[in-house]
Structures are given as structure tokens and as C-alpha cells.
J.: 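Mind having a look at this structure? Questions to follow.
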2 protein chains.
Amino acid sequence: MTPQPPEPASGRPAPPARRGFPAGERVRDAERTRADILAVATREFADRGYAGARINEIAAKTSTTKRMIYYYFGGKEQLYVAVLEAAYARIRAREQQVDVEHLDAVAAIRELATLTFDHHESHPDFIRLVIIENIHRAEHLTRSTVLSGLADPALDVLDRILARGRAAGVFRDGVDALDVHQVISAYCVFRTANRHTFEAVFGRDMLDPARRRDQREMLGDLVVSFLSAG
Amino acid sequence: MTPQPPEPASGRPAPPARRGFPAGERVRDAERTRADILAVATREFADRGYAGARINEIAAKTSTTKRMIYYYFGGKEQLYVAVLEAAYARIRAREQQVDVEHLDAVAAIRELATLTFDHHESHPDFIRLVIIENIHRAEHLTRSTVLSGLADPALDVLDRILARGRAAGVFRDGVDALDVHQVISAYCVFRTANRHTFEAVFGRDMLDPARRRDQREMLGDLVVSFLSAG
DNA sequence: TCCGTTATGTACCAGGTGGTGAGTTAGGTC
DNA sequence: GACCTAACTCACCACCTGGTACATAACGGA
């Protein structure tokens, strides 16, 4: 049998092979279609913002059609919310794997900072989505349901580290877990979120691989010196 | 004479008083029209982003018409660039008034951090524009001409403070002015830029006036402890 | 093999979007 | 007062945008 005859001489012309998918697999696959749309939409929204992203463009980059976006998600705004929720859910899942309990307080806080640093650096799309959502004053996130339990895991770990550090007399008082989280987040988010204007104005690419080690160490120093009793 | 007769019986109906401007002044005023458009556009772009802002809407909030936007600026993108340039120019002008040379190094760096803190807090629109421009990967800012000399003033001051601190033996080596600037900016920008998702997730408003003093002090502590030799 | 449900594709639309052609008027100049 | 030009108004447009009506095909159960 000749492989892939361009035009089967008779009967139905050509049923299979949706764009981008290998022929021979199931043509109808709700899960896959949904996931495909969500993945493309995530890229597009992260890339161009909510208003800048185009439903037509998202559909075109999908292996299905615009109609399916409305079939599965209902509309542009709901699609965007679904993208946000999925992104947050993914991030939360990864964050829970952190284990720094066996280290002493100073080493633990340094490790936590480092993990956050790496984490942010490897998820620029997520940071962009967060920034974009802030432009919209978090109106979608606030109305969403994924919020519950989003804060706790990371802060609990931090809280226990701080308590250990204070008990050991190496951390000062007057700083709570959320303060520390704010400092770490600010540093990590800023590197990605403001990368371009920072480079345009100051000529230094904060994400330059050659500078990565220094930047990572700087964050550790920053947090440890801030917390160290003085 | 009855004040404000709805329809003057004869002659030209009612020449004066463009919307929002007091009657009696010059009706045609290029400077004012341009400035008016720019001010409205700044608010709209900062509020909704580049793609989200609408020329029609900007025109409607102006005391002139859409046609004038094209007359003075040429198009949406050029208007946006003009907004960006004006915003950066304004900020640069203010930054040059900083005088911390008469203080000792530690006090000076704390003062500089505090000034930046206040500065960012009182210009949320500027921060939003910067964030928005980062979403667009600084493509407009890069092509613009305002960049020249934007970096120097702030960094020079910082540089001299660091040199004094190192000479006095109170600051450590291995940290340059841009590093410090990055840390300060990250903290200050994050508070405004990520305010909404931070509050949504963690329930704490970083810009709550009741917390302002603590947040300000925290930044000072952060920078000073980071720089202190140890 | 038939049939209902679910998934999918095609064609289309109303309203909004950035942008413009062409004429009009205020205000200064001589 | 005649005249010129910068500043301004009005009406209009082509295209794009999010969204949808409708026909149809694939799958699974009976």
C-alpha cells in the first residue's frame, strides 16, 4: 500500500489528520482539543496581554477552530480566566515539593530563596500573566476560585524557618513570613518583569546567564543579612 | 439680562467655551490642546495598557476631537511613545533634585532608599506605564530618543555614596551601584506593580497607609544590612 | 445497523477600531 | 479689510473583532 496517497480516488476525500496531529489517531478527542486551546491561549495571553491577544489568532495557532474555543470555554474572558487558573494551579503544585526542614534556619532560608529564584526564572510566562492580571487590578483572579489555599503552603514553610531562626537567636524579631516572602518575590519578579526597560535604561540584562550565579547569591545575601539579628 | 439664554436669538449661536475650559480665553491654543491630549492619553494608557486603550475613548475624554490626535501625534503608537517619553522626562527631572551628599554613607543610602520609596508611591501611573512597556518588551522605549542620560544621574549619586561607605569601612565590597539600584527598584516597583494579585493571594495590601511606615523602614533595613560589611 | 449525543467545521455578522478626506474658522499680518 | 495659515470640525471608511447559526461527522450504546 502506497503511503499517504494525495487524493484517494473515490469515496470520502480525506477524513483524517487534523493540522499538527499525526494521522491515524482519534480525530475526536475532547481532552486534547481543550488542552491544545489552553496551551496556545496561555502563550498568546502571556505574550500580548488580555486586550492584545486575539481569539482569531489563538484559534489559528490551534489544531482546531475558533468555534471550539467558544464550545469549550464560552468566550474570551472565560478562556483567559481558565488560563490564569491553570497557570496558578501548576505553580502551586510545584511549590509544595519544597523540603528545607532538615536544614538549619540560615541555610534553609537561603535554600528557599534560591528555589524561588530558580522557579521564577524558569516560568517567565507565569510572571507575565501575573503582571498582566495586575494591570487589570486582579479582577479576574479575585472572582476566581483557585485562590483558596494558594497562600498557605509557601508561607507555612517560611513561618517555621523563621521561628527556628528566632529560637536559635540568629534571626531578629519584627519580621514576619509575609514580609520575607514579599522581599524575595519582589527581587525575583522584578528581574523578569522589568527586564526590558531595565536593560534599555541601564544597559544590563538582569537575566544574562553570565550573571545568573551572582544574582542568585545576591538574593541569598540580601535575605540572610536582612534577617540576621543586629 | 438673563444669564445664559439657551438660544441667542440672532447671529452666530455660541462661539466660545470648549468643553472643560472657561469661556473668554483663547479658543484656539495648540499648546493646550496637545497637552490636554497627552494628559488624557497618559491616564488611559496607564489604566488599560496599549492594546486596551481606545483612541475613540481618549478623544472623548479630551476637550477636542479624535482628528486632533492624528493632527498632533500621527497615530496611536506615536501617541503612546509620546506619553512614555513625557513620563520618563518628568521622572528624570524630579530625580535630579536629590541631595544626600552631606550625609554619612549609611544615612545617605537610607535617605536615597526612602526618597525612591516615596517617589514610586506617588507615581503609580508611571510604574504602570513601565510595566506595560515591559509587556511589550520595551520595543517603543528602545526606539525612542529619551533614553540618553536617563540612567546617569541616579547612579552617580549611588556610586559616590558606595565609595564613601567602602572608604569608611562600613560597606562591603562586591556590590556595585546598579546592584543596589536593582534591589531598591525591585522592592518599590513590586509594591505597586503586584499590589493586586499579592492582596488577592495573601490578603495583605502592600500599599495600605497603615503599613506605610513599616514598609519604608523595612526597605531601609534591607539595603543597609545588605551593604554593611560582615 | 440505527440513533442520539458529543464534537467539529463553515460561513457569516453586527459593532467597534484605527484612520482619513475635505472642508471651515480663528487669529495674526500687512 | 484682505488674505494666509495653523488649528479645528464633521462625516465617513475599510477592516478587524468577538461572537454565533447551522450543518455535519464521529463515536458509543442498543
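These numbers come from a predicted model, not from an experiment. Lettering follows sequence order; numbering is per chain, from 1.
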J.: Could you work out which one of C:dA7, D:dG18, C:dG18 sits closest to the side chain of B:Lys76?
T.: C:dG18

J.: Is the closest basic N to carboxylate O distance between B:Arg137 and A:Asp47 below 4.0 Å?
T.: yes

J.: Would you indicate which nucleotide in C:dG9, C:dG19, D:dG18 comes nearest to any side-chain atom of A:Arg54?
T.: D:dG18

J.: Rounded to whole Å, please give me the gap between CD in A:Glu77 and C1' in D:dG19.
T.: 14 Å

J.: Quick one: B:Asp29 CG to C:dG27 C1', roughly how many Å, whole number?
T.: 12 Å

J.: Find the distance B:Met68:CE to C:dG18:P and express it as a whole number of Å.
T.: 18 Å

J.: Is B:Arg212 close to B:Glu121 at the side-chain level, that is, under 4.5 Å between some pair of heavy atoms?
T.: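 A side-chain contact exists here, since the closest heavy-atom pair is under 4.5 Å.
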
J.: Of all heavy-atom pairs between B:Asn134 and A:His196, which one has the smallest distance, and what is that distance?
T.: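 For B:Asn134 versus A:His196, the nearest heavy atoms are OD1-N, 3.0 Å.
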
J.: Angle class for the A:His140/A:Tyr50 ring planes (parallel below 30°, perpendicular above 60°, tilted otherwise)?
T.: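 Taking A:Tyr50 first and then A:His140, their aromatic rings sit tilted (interplane angle of 30° to 60°).
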
J.: Contact class for A:Ala53 (heavy atom, under 4.0 Å): base, sugar-phosphate, or nothing?
T.: sugar-phosphate

J.: Grab the N/O contacts between the protein and nucleotides 11-15 of chain D below 3.5 Å, and write none if there aren't any.
T.:
none

J.: If only atom types and distance count, is the side chain of A:Glu133 paired as donor or acceptor with the main-chain N or O of B:Thr197 below 3.5 Å?
T.: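 Here the side-chain-to-backbone pair does not exist.
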
J.: Send over the distance from A:Glu44 CD to D:dG18 P, rounded to a whole Å.
T.: 11 Å

J.: Starting from P on D:dG18, measure out to CG on A:Leu79 and report it in whole angstrom.
T.: 11 Å

J.: Whole angstroms only, please: what is the CD1-C1' distance between B:Ile69 and D:dT9?
T.: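 So the CD1-C1' distance, B:Ile69 to D:dT9, works out to 14 Å.
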
J.: What about B:Tyr88 and B:Phe126, are their ring centers closer than 6.0 Å?
T.: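 Between B:Tyr88 and B:Phe126, the centre distance is under 6.0 Å.
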
J.: From the set D:dT9, C:dG19, D:dC8, return the single nucleotide nearest to any side-chain atom of B:Thr33.
T.: D:dC8

J.: D:dT17, C:dG19, C:dA7: which one has an atom nearest the side-chain heavy atoms of B:Tyr70?
T.: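 Selected nucleotide: C:dG19.
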
J.: Can you list everything that forms a ring pair (Phe, Tyr, Trp, His ring centres under 6.0 Å) with A:Phe117? Sequence neighbours excluded, please.
T.: none

J.: Can a side chain N or O of B:Thr64 be found less than 4.0 Å away from OP1 or OP2 on D:dC8?
T.: no

J.: Any side-chain N or O of B:Thr65 under 4.0 Å from OP1/OP2 of D:dC10?
T.: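 Answer is no, no contact under 4.0 Å.
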
J.: Measure the distance from CD1 on A:Ile55 to P on C:dC12 and round it to the nearest whole Å.
T.: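 The answer, rounded to whole Å, is 22 Å.
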
J.: Which residue lies toward the 5' end of DNA chain D, B:Tyr72 or A:Gly74, if each is placed at its nearest nucleotide?
T.: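 Mapping each residue to its closest nucleotide by heavy atoms, the 5'-most match is B:Tyr72.
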
J.: Could you tell me the separation between the OH atom of B:Tyr80 and the C1' atom of C:dG19, rounded to a whole number of Å?
T.: 20 Å

